[in-house]
Every structure is written in structure tokens, then in C-alpha cells.
Amino acid sequence: MVYVAEVIVDVPAMQTDFPYTYLIPTEFGDKIQEGMRVEVPFGKGNRHVQGFVTKINYYESLAELAEFDMKEIVALLDLSPVLNPELLSLADEMKEKTYSFKITCLQTMLPSVMRAAYQKWLVLTDEVSDDILYGIFKGQDEITWEEAIASGQLGQLLKLRQQNSLDVRYEVRKRNRSKVIQAFRSRLSFERAEEERQTLRKGSKQKEALLLLLQKATDTQYWTIKQVQEEIGINRSTVKAGEKNGWLEIFELEIQRDPYAGREFETETDKVLNKEQQLAYDTITESMATQQEDVFLLQGITGSGKTEVYLQVIAEALKFDKTGIMLVPEISLTPQTVQRFKSRFGDEVAVLHSGLSTGEKYDEWRKIERKEARVVVGARSAIFAPLENIGVIIIDEEHETSYKQDETPRYHARDLAIWRSRYHHCPVVLGSATPSLESRARAQKGVYRLLKLNQRANPTAQLPTIKVVDLRHEVTHGNMQTFSNPLLEKIADRLTKKEQTVLMLNRRGYSSFVMCRECGFVLPCPNCDISLTLHMDTKKMKCHYCGHEEGIPHSCQSCGSKKIRYFGTGTQKVEEELQQLFPESRILRMDVDTTRKKGAHERLLKQFGAGEADILLGTQMIAKGLDFPNVTLVGVLNADTALNLPDFRSAEKTFQLLTQVSGRAGRAEKKGEVLIQTFNPQHYAIQLAQGQNYEQFYQREMQTRYQGNYPPFYYTVQLTASHEEENLAAKKMYEIVKKLQQVLSNNCIILGPTPKAVMRVNNRYFYQVVLKYKQEPGLSQVLKEILMESQLAMRQGLKITIDVEPQSFV
DNA sequence: AGCACGCCGACT
DNA sequence: GTCGGCGTGCTC
């Protein structure tokens with residue numbers, strides 16, 4: 001019998017995007033399983049790469065299959081499969097839908113620590129001159145490839161290689177190390193320990209203590225070395241000596257890095273559901289009990305208690321001995337959210353989000369794999385949680401764009417959730433106060449089942465009043481500042497009443513920059529067609545596209561004038577202004593700069609919740625999930641910056657943001673007030689947000705989409721080509737359009753090619769084409785062909801990307 | 001991706 | 001005549 005494995009190798013390229021067949025050495029025969037990672041030789045030389053076993057086959061004899069020479073698998077990288085059959089098959093779906101490589105999909109499903117690290121070594125195999133041995137190899141018999149390059153002696157080394165004095169060694173390293181600590185257990189019987197103790201020299205206090213410890217041990221008892229060192233004062237060396245004498249056995253203990261260790265979670269019990277919540281709960285759990293693959297759209301106004309429904313539905317799944325996934329947008333994965341889940345489900349919850357260190361993420365992932373956690377809460381990538389027997393998948397804030405990954409593979413968590421629900425015959429719940437037009441339209445058509453929550457869960461809380469301030473009016477009255485008079489009055493009022501204020505600065509489509517007052521020159525990025533953003537905290541000018549940094553200019557690069565104006569209502573600037581206006585007030589600023597450090601987000605919110613500040617000033621991130629009873633005023637400083645973006649979703653995004661931030665006011669008995677400052681008070685997104693009227697917004701926006709032939713009436717695909725030379729990128733895009741036109745029907749709308757809004761990024765020029773279509777059977781095939789051809793174009797430095805249902809067109 | 005093979009210009 | 005440039009093709 002000959003066993004072979006089909007392996008997807010870690011070489012992300014079109015030409016290698018299929019399984020390669022490797023012989024399974026007999027020593028691995030009983031251990032290897034589908035879904036494990038292996039190390040395999042690939043290509044010329046001693047190159048080794050990581051691969052995923054996707055299939056194991058066997059044949060009666062080698063003659064049956066060998067029309068080529070097969071190589072053997074070198075090593076197993078896992079003890080048990082890291083991907084189960086479901087996830088392996090999900091990878092196929094992803095590859096197909098996102099036009100990406102299978103290997104990329106497989107890697108994406110795992111925590112980043114499990115991606116292989118490769119190390120190339122140069123190994124001396126013969127005597128060499130002292131010059132080389134000490135000069136380049138520093139007396140060692142091997143150096144890394146990086147060190148070889150740094151030595152600047154590659155020519156010399158190449159010669160050695162030809163003389164066979166040098167070998168190249170490749171190493172595939174696993175980076176996923178569980179955190180282990182050393183522990184030991186006794187190997188002595190009571191009597192043997194007693195005997196050993198008699199032989200000890202006088203004064204061997206530590207050894208005696210150790211023997212006494214071992215003597216009274218039960219069979220399964222063990223201690224960690226650290227523990228005995230701290231508690232009893234037995235040194236590491238004493239324990240080691242004990243091991244040598246055969247008293248004890250040292251072993252490694254896998255420990256969990258629990259990011260929430262040492263924190264108390266109050267146990268929380270189910271709240272009583274109101275009629276609407278109960279109906280939603282009943283409908284969803286009924287679907288779960290009968291193993292329907294329904295997709296529910298749970299449309300509930302802010303404060304209607306969607307989360308309570310989620311929690312109880314998951315609890316029900318657990319009762320059926322099933323598991324549950326809940327996806328939350330990254331920014332609302334706050335400690336408050338985590339706390340709520342932990343207090344309800346205790347240790348059964350695994351949390352996956354970017355705030356965790358890579359090690360912590362790996363441990364949470366292992367917890368799920370070992371089936372210690374049956375509930376997973378996390379951001380987008382938590383949709384790959386290796387849970388089995390899923391009872392329900394919930395996506396909260398369903399409309400959030402962060403559910404779509406903006407790099408390859410460009411998958412949408414919602415689509416994958418639906419795919420997994422079909423595999424497990426379980427329902428999906430999409431929840432939002434302001435559903436995406438796509439989802440709401442599907443619910444309208446009956447593709448999804450619509451559930452509505454129109455009442456606030458806490459009926460004593462009154463709805464906030466929402467006012468719109470016309471900034472055009474304010475400007476003509478000579479008020480050029482960030483704050484309109486009405487807003488200033490309200491803030492002052494709250495300060496005297498000792499109530500809290502939340503101010504939001506809409507950063508989307510907006511950034512602070514420096515401009516010359518004499519000639520109007522704005523400092524651009526040398527690599528991109530965009531102005532540099534002013535960062536006061538680091539005192540640097542920074543490009544948000546390529547990361548370029550330089551100092552803040554003191555004179556104009558163009559005309560030499562020293563009159564530089566620091567433009568911008570970046571949050572820092574607003575904070576300064578605010579402090580000047582209200583010198584006595586305590587202000588907390590929350591933006592990317594102040595929340596970069598681990599735990600900073602949590603700390604700021606805690607401070608604000610404890611009443612240590614009067615005003616919380618922040619960007620979009622404050623729009624979600626905050627629930628502070630003493631907040632009675634919410635101000636939106638610039639509601640409309642996003643409205644001017646050339647994106648058909650700009651109205652939708654603005655409406656969603658305003659609705660969400662309005663929900664931050666008046667969470668308790670005190671009545672809340674919301675003030676929206678805008679230059680477009682007549683815009684329907686703002687008007688309808690003021691009226692908190694989602695339904696009307698939906699109707700109105702659907703009309704706009706219908707007229708513009710946009711989603712949800714049309715599907716969209718965006719193709720992008722980039723090159724260092726502008727005309728080459730443009731030329732390629734024209735070729736692609738030509739090819740598309742030959743295949744696609746007349747009903748397909750092709751927009752472009754056009755240069756992207758920011759045409760040059762990192763010294764590359766970007767051109768795009770957007771396709772809008774209803775039904776194009778030939779599309780998938782032609783896109784694959786384009787991708788195939790683009791593989792060759794790569795050599796000329798041309799990059800092509802395909803984005804199915806892009807979230808942003810800018 | 002990374003490596004070897006192979007076919008054309010500036011050097012011993 | 002050779003060393004070495006990088007275009008092209010292949011990897012079980």
C-alpha cells in the first residue's frame with residue numbers, strides 16, 4: 001500500500017494554486033491527517049515550504065499513479081489537524097468567490113502565529129580560509145542568509161558554493177508555541193523518599209524540603225518550579241539535581257494566557273424579554289430547534305435590547321449542546337461587550353480580537369479547538385472559529401464595513417456566516433438599528449426573515465431630542481470656529497449641571513493639514529497624491545496611505561513664507577480649542593492616537609464612566625456601544641464631511657453614523673439631547689437621521705440606488721491595476737475593458753477606466769474599472785482569465801486586484 | 001516565490 | 001573566447 005497526500009503549498013501564485021502529491025513516509029502513516037500542516041520539499045535546491053494536507057489517498061502500488069517522481073513529506077508540523085473538514089471546504093468557497101489563492105484562504109483561517117516563518121542558512125561543509133571563517137562566519141559554522149547579505153561578500157560565498165564548501169539549509173519554523181512552564185512530579189514512593197532523606201548530608205536544607213514535598217505527594221500531584229521557588233524556597237538547581245537523582249520527573253505544562261485573568265465577572269442572569277424581544281427569541285430558537293438555515297434580519301432601534309436577545313439565543317444553543325459565534329465590529333469589541341458575555345457564559349467564552357497579543361490570540365484559538373469554549377465572540381476573522389456543531393451565528397451591527405476584509409482574500413464575513421450556517425443547518429442572525437440597504441432589501445424580498453424591535457427595552461428612558469444646526473448660518477454670523485453658538489451654550493449648561501457631554505468629530509473624508517497663508521501651498525506626500533496629515537502627538541507630518549513621515553515645516557516649501565497655517569480640526573486641535581473655551585472643564589480625547597496602546601481604550605472609558613471627565617471628545621469610535629447614564633448631550637461637530645465623498649454609500653454611512661451616535665444620549669432617566677452641526681441641513685440623510693426614521697431613509701435611498709443603478713439593484717465588481725508608470729496602468733485597464741466587453745452582455749455597465757481618487761500611492765499609479773451587473777454567467781470565467789494573465793504582467797511590475805462587492809469606491 | 005536554464009553584451 | 005545580465009518556465 002502506498003499512501004500519498006495532496007498538499008497545498010505555501011507559494012501564493014496562480015501557477016502553483018493546486019494540490020501537489022507527496023509520498024507519506026511510513027513513520028508518519030498513522031499520524032498524518034487531512035487538515036494538518038506539513039513541511040515539504042518544493043522546487044529546485046533544498047527549498048522547503050509549509051503546506052496544508054487537503055486529502056489523503058492510497059494506492060495498491062506506486063505504478064498505479066506515478067507518471068512523475070514524487071517527493072516525500074519531510075515533517076509534520078501539527079499533532080492534530082488545525083483545520084477541520086468544514087473549514088477546508090470553506091476555503092474552496094472563499095477561493096472561488098474572492099478570486100484568491102487557496103493557500104491564502106487557508107492561512108487566513110488561522111491565527112497569524114501559525115503562519116510559517118522561513119529561515120535560510122548557509123552552512124560550511126569544508127575547511128575554509130580564516131578570512132572567511134572569521135570575517136564572514138564569525139567563527140561559527142553557519143550563518144543566516146540575512147547575515148550573509150549584510151556581510152557584502154555574496155560573491156565570495158557563491159564561489160564557495162560551487163566548490164562544495166558551502167551548503168544551503170532551509171528551515172520551516174513553527175511560530176505557534178504554546179506558552180509552557182516547567183513542572184515536576186514525584187517518582188519516589190514514601191519509603192524510597194525516606195531512604196533518600198537519610199542519606200542527605202547535614203545542612204542540605206533545600207534537598208530535604210524537596211524530598212519532604214515529594215514524599216507526601218499524591219499520584220497525580222505536581223508542582224511548577226516557579227511555584228516551589230517562591231513558596232518554599234527550593235531553587236531551580238535543586239529541582240534539577242532531584243531529576244538527576246531520579247527523585248522526580250520534569251515536564252512541560254501548557255499554560256493559557258488568559259487576557260481576562262484575575263478579573264471578576266459578576267454572573268448575570270437572563271433579563272425578562274418584552275413582547276417584541278420574546279417574539280424574536282421564539283422565532284429564532286424555533287428555527288434553531290428545527291435546524292432551519294434561516295437568515296434573520298433583526299432590525300431594532302438603539303436601546304431595544306438586541307444584545308439580550310442574542311445572549312438568550314446563544315444560551316438556548318448551549319442547552320441543545322450546540323455552540324455559537326457572535327461577530328462584533330472591531331471597535332465595539334469593548335471590555336463592556338466582553339464583560340457581558342463573560343458574565344453570562346463564564347469560561348465558555350473565547351474572545352478573538354486585534355487587541356490581544358498574538359500569543360493570547362493563539363491561546364484563545366486553542367481553547368476553541370480543544371472544545372473548552374463553546375461561545376466565540378470576535379471581530380471579522382472569528383467567523384473562522386473552529387467550532388463544531390454550531391447552533392447559531394450572530395452578526396451584530398451587520399451594516400459595518402469592517403466585516404469585509406480590505407485586502408486579499410477580500411471576503412465578507414456575512415457571506416461566510418451564511419455558508420457555515422448551511423453546513424450546520426442553523427440560523428444566522430444579522431442585527432442592526434440601521435441595516436445595510438443590501439440586507440434590508442433582501443429582507444423585503446423574503447430572502448431574509450425580518451424581525452423588528454421598535455420599543456426601547458427600558459421604557460422609562462425617553463428618546464433624545466435631536467436638533468440640526470446650520471453651519472452656513474453660523475458662518476455668516478462671523479462664527480468661524482468649530483463650535484456653533486447653540487452647541488457652546490448647551491455644553492456650558494451641562495457643565496453647570498454636572499452632566500456629561502460626548503462630542504464626535506467625523507473624521508471620514510477629513511484630515512488636518514498645513515497650508516501656506518501666502519500662496520496656499522499644501523504639503524504633499526512625495527510618494528502619493530495626497531496631502532500629509534498633521535500629527536501633533538508625534539510632532540510629525542504623516543501620509544496615511546504609505547506611512548511616509550517628515551517634520552512639521554516652519555516655512556513654505558513653495559514660496560518660502562513663514563506664515564504657515566495649521567489647518568485642521570483634528571481631535572487634538574478641537575481639544576485645545578475646547579479647553580480654551582471652557583478652561584475649567586475636564587476633557588478626555590479618544591482617537592487612534594490616544595487609544596493605540598493596549599488597554600488605553602478601556603481605561604479612557606472607565607475614567608469617563610467614573611465621572612472623571614466632563615466631556616468625551618472622539619472620532620467614530622465613540623459612536624458605538626457606550627452606555628453612560630450621565631451623558632445628556634451629544635454633539636456632532638461635522639456631520640457632513642462624508643457626504644461629499646464620491647461614493648454611492650456616503651448617504652447611508654452618514655445616516656448610520658448619526659443614528660448611532662444619537663443613541664449615546666439619554667440612556668437613563670435623564671432626557672438626552674443631540675446637536676448635529678452641518679453645512680447640509682437639507683440633505684435627506686441628515687433630515688431623516690434627525691427624525692430617527694430608518695424606514696423612510698430606506699425608501700428614499702432605494703430610489704437613489706435604483707436611479708443610479710447601484711446595489712442592491714446591481715452587483716458590483718471593482719478591478720484595479722497599478723504600476724509605477726501611469727500610462728502602463730491605464731493601458732492595462734483599457735485592455736481589460738476590451739476583453740470584458742467581448743464577453744459581457746449589454747446589460748452590464750462598465751464604468752471607467754478612471755484613475756482612482758488618490759491616483760498615486762507609494763509611487764504607483766492606480767486605475768480602476770467598476771462593473772455593475774445583474775446577471776453575467778460569463779463573468780467569473782473572464783475574471784479568472786484576467787487574473788491568470790495578470791500573473792505574467794506581474795513580471796513587468798503590474799499589479800491587478802479584483803474586489804467583488806467593494807465597500808468603498810474611493 | 002525562488003531557483004535554474006538559456007540566450008545576448010562587456011571583459012580577461 | 002568567457003562571465004554574467006535577466007527573460008522564461010517549472011515546482012509533486
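The structure displayed is predicted, hence computed values, not measured ones. Just so it is clear: chains get the letters A, B, ... in the order the sequence lines come, proteins before strands, and each one is counted from 1.
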Could you state the atom-to-atom distance from CE of A:Met14 to P of B:dA1 in whole Å? 13 Å
How many Å lie between CD on A:Glu6 and C1' on C:dC12, as a whole number? 10 Å
Distance, rounded to the nearest Å, where A:Tyr22 contributes OH and C:dC12 contributes C1': 5 Å
What is the distance, to the nearest angstrom, from the CG atom on A:Asp17 to the P atom on C:dC10? 18 Å
Give the B/S/- string for nucleotides 3-8 of chain C, one per nucleotide from 5' to 3', where a protein heavy atom under 4.0 Å of the base yields B, of only the sugar-phosphate yields S, and otherwise -. -----B
With a 4.0 Å limit, can you tell me whether A:Lys44 has a side-chain N or O closer than that to the phosphate oxygens OP1/OP2 of C:dT11? no
So NZ of A:Lys784 and CE of A:Met14: to nearest 0.5 Å the spacing works out to 8.5 Å
Please give, in whole Å, the distance from C:dT11 P to A:Met70 CE? 14 Å
Looking at CE of A:Met36 and CG of A:Leu77, how far apart are the two atoms once the value is rounded to the nearest 0.5 Å? 10.0 Å
Under 4.0 Å, counting only non-hydrogen atoms across every strand here, what does A:Phe42 touch: a base, just sugar-phosphate, or nothing? base
Please report whether the ring centroid of A:Tyr714 lies less than 6.0 Å from that of A:Tyr773. no
Using atom CE of A:Met794 as one end and atom C1' of B:dA1 as the other, report the distance to the nearest whole Å. 9 Å
Flag the pair A:Phe384 / A:Tyr411 as yes when their ring centroid distance falls below 6.0 Å, and as no otherwise. yes
Hey, does A:Pro41 reach any base, or is it just sugar-phosphate, or nothing, if we go heavy atoms under 4.0 Å? sugar-phosphate
Could you tell me which non-hydrogen atom of A:Leu87 sits nearest to which non-hydrogen atom of A:Asn84, and how far apart they are? N-OD1, 2.8 Å
Within this structure, what is the CD-to-P distance between A:Gln791 and C:dG9, rounded to whole angstrom? 14 Å
Distance only, no hydrogens: is a donor on one side chain within 3.5 Å (strictly under) of an acceptor on the other, for A:Glu6 and A:Tyr22? no
Starting at OH of A:Tyr59 and ending at P of C:dC12, how long is that distance when rounded to a whole Å? 17 Å
Checking A:Thr801 now: which residues fulfil side-chain hydrogen bond (donor to acceptor under 3.5 Å, both in side chains) with it, not counting sequence neighbours? A:Thr720
